[in-house]
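Accompanying notes for the structure given below.
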Amino acid sequence: MELTFIPLALVLFASLFQGSFGLGMKFMAPLKWEAWWLVHSLFAMIVLPTVWALIVVPDLFGVIDAAPMGVKLMAMLFGAIWGIGGIMFGKSVPYIGMSLTYGIVLGLCAAAGSLIPYFMKDDPNASALPYVISGVVVMVVGVALTAYAGILRDKKDDSEENKKVDLKAGLIIAILSGFFSAFLGIGFDYGYAEGAGIGHYAQEAGATVRNSSLAIWVVVLWGAFILNAAYALFMMYKNKSWNSFAEPKSAKAYMWSIIAALCWFGALGVYGQGASLMGNMGSVIGWPILMGGGLIISNVWAYFNKEWAGAKKPFNWLILGVLVICVGMVVIGYSNGVS
């Protein structure tokens, strides 16, 4: 049972966090974006992963030290590449809006984050490939439908902010963001390299298969933090916003920065546990399910925040897209049992 239902349940549970962390970004004021993001990155990428890993992985730093330097450097590099995608995500939103950005980025991230690890493996499950590709294609269609729903909804928005649209530039940035964002999952998969990965050394030290994933995230997210922190510091220098940390009445913004960090790494931590229990194909199968589930949850929150109020036709397209995504998730989930 643990090899079938529990891993999938963990990934689906992780998608609740994946789709919820963005809520915290609605409460940045009075902090500047770069100050809020630096605090968020510190907790999400350094503090929380390290504390959780120290609890469940015996001799965590000894494990990391024992892993081959080449594996650690590549894992950090993949994390840093994801950081580029995350920055591009934020840049694309002002051009084409949140809905279209989410649809493109999560769709490409799901596809690339599933298929690239598959073809990087030494012994991939060839029988599962048709189901994986079919499921990814179905999910991408579903994401495209939700993006179309977002476009229809945005057309009904006559605000000045919504009129500042540069479709060509926004699409280019969002496409690049989706591709680069997939490297977070690729870095995690690389950290599980058979016999030489960080996860292998964690298990040798006494960690369970499920908890060994936390040691991998610690290393991958070092690379992610370095790039995110560097960009935030650059923006603080550029905007001369160093005093933003001392803004009065900013306790609520700090609180939401940490809550968002808990949700963000909660998604990755729980996902890693589920993917590790799925075996060699875990990241190939689990990553698109995490992205698809996260997109569904984010739209549920959008509905409760009345972002779809007065947009019945776009909302119907959204529901259709969500249903198609669910079908794709079922197909991909089924592929884990194919031999």
Side-chain angles (χ1 to χ4, degrees), residues 8-9 11-23 25-26 89 92-93 95-115 130-159 162 165 167 170-171 173-175 177-179 181-182 185 267 271 284-336:
L8 181 60
V11 174
L12 289 173
F13 183 57
S15 70
L16 292 174
F17 294 106
Q18 175 69 21
S20 301
F21 84 90
L23 288 172
M25 300 180 75
K26 295 179 178 289
F89 177 90
S92 66
V93 171
Y95 286 110
I96 59 176
M98 183 68 76
S99 297
L100 186 52
T101 300
Y102 256 100
I104 292 172
V105 171
L106 290 185
L108 289 175
C109 186
S114 176
L115 296 178
Y131 295 96
V132 172
I133 292 178
S134 299
V136 167
V137 169
V138 171
M139 281 189 61
V140 169
V141 170
V143 169
L145 290 172
T146 63
Y148 178 64
I151 294 172
L152 291 180
R153 187 195 64 182
D154 290 344
K155 283 182 178 179
K156 298 174 72 68
D157 184 356
D158 295 326
S159 66
N162 193 57
V165 173
L167 189 61
L171 287 175
I173 296 172
I175 289 169
S177 172
F179 178 74
S181 296
Y271 156 76
V284 175
I285 294 160
W287 188 256
I289 293 176
L290 176 69
M291 293 295 106
L295 182 61
I296 292 172
I297 297 301
S298 67
N299 276 301
V300 170
W301 283 118
Y303 175 79
F304 283 115
N305 282 320
K306 302 188 183 302
E307 292 182 14
W308 295 89
K312 184 176 180 180
K313 183 179 177 181
F315 184 71
N316 289 338
W317 278 103
L318 172 69
I319 294 299
L320 177 61
V322 167
L323 291 174
V324 173
I325 289 171
C326 289
V327 171
M329 291 167 63
V330 170
V331 174
I332 292 173
Y334 176 77
S335 70
N336 197 39

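Numbers for residues simply follow the sequence, beginning at 1.
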Closest approach of [X] to [Y] (non-hydrogen atoms, all atoms of both residues):
X: Leu145; Y: Trp317; result: CD2-CZ3, 3.6 Å
X: Ala267; Y: Ala14; result: O-CB, 3.3 Å
X: Ser15; Y: Ile297; result: O-CG1, 3.7 Å
X: Ala182; Y: Gly113; result: CB-N, 3.4 Å
X: Met291; Y: Ala110; result: CB-CB, 3.8 Å

Can you name the residues that form a side chain to side chain contact (heavy atoms under 4.5 Å, CB included) with [X], not counting sequence neighbours?
X: Val138; value: Val324, Val327
X: Phe315; value: Tyr303, Trp308, Leu318, Ile319
X: Ser181; value: Trp82, Val105, Cys109, Ser177
X: Ile175; value: Ile104, Leu108

*asked:* For a 4.5 angstrom cut-off between non-hydrogen side-chain atoms, does Cys326 reach Ile296?
replied: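 Yes, close enough: below the 4.5 Å cut-off.
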
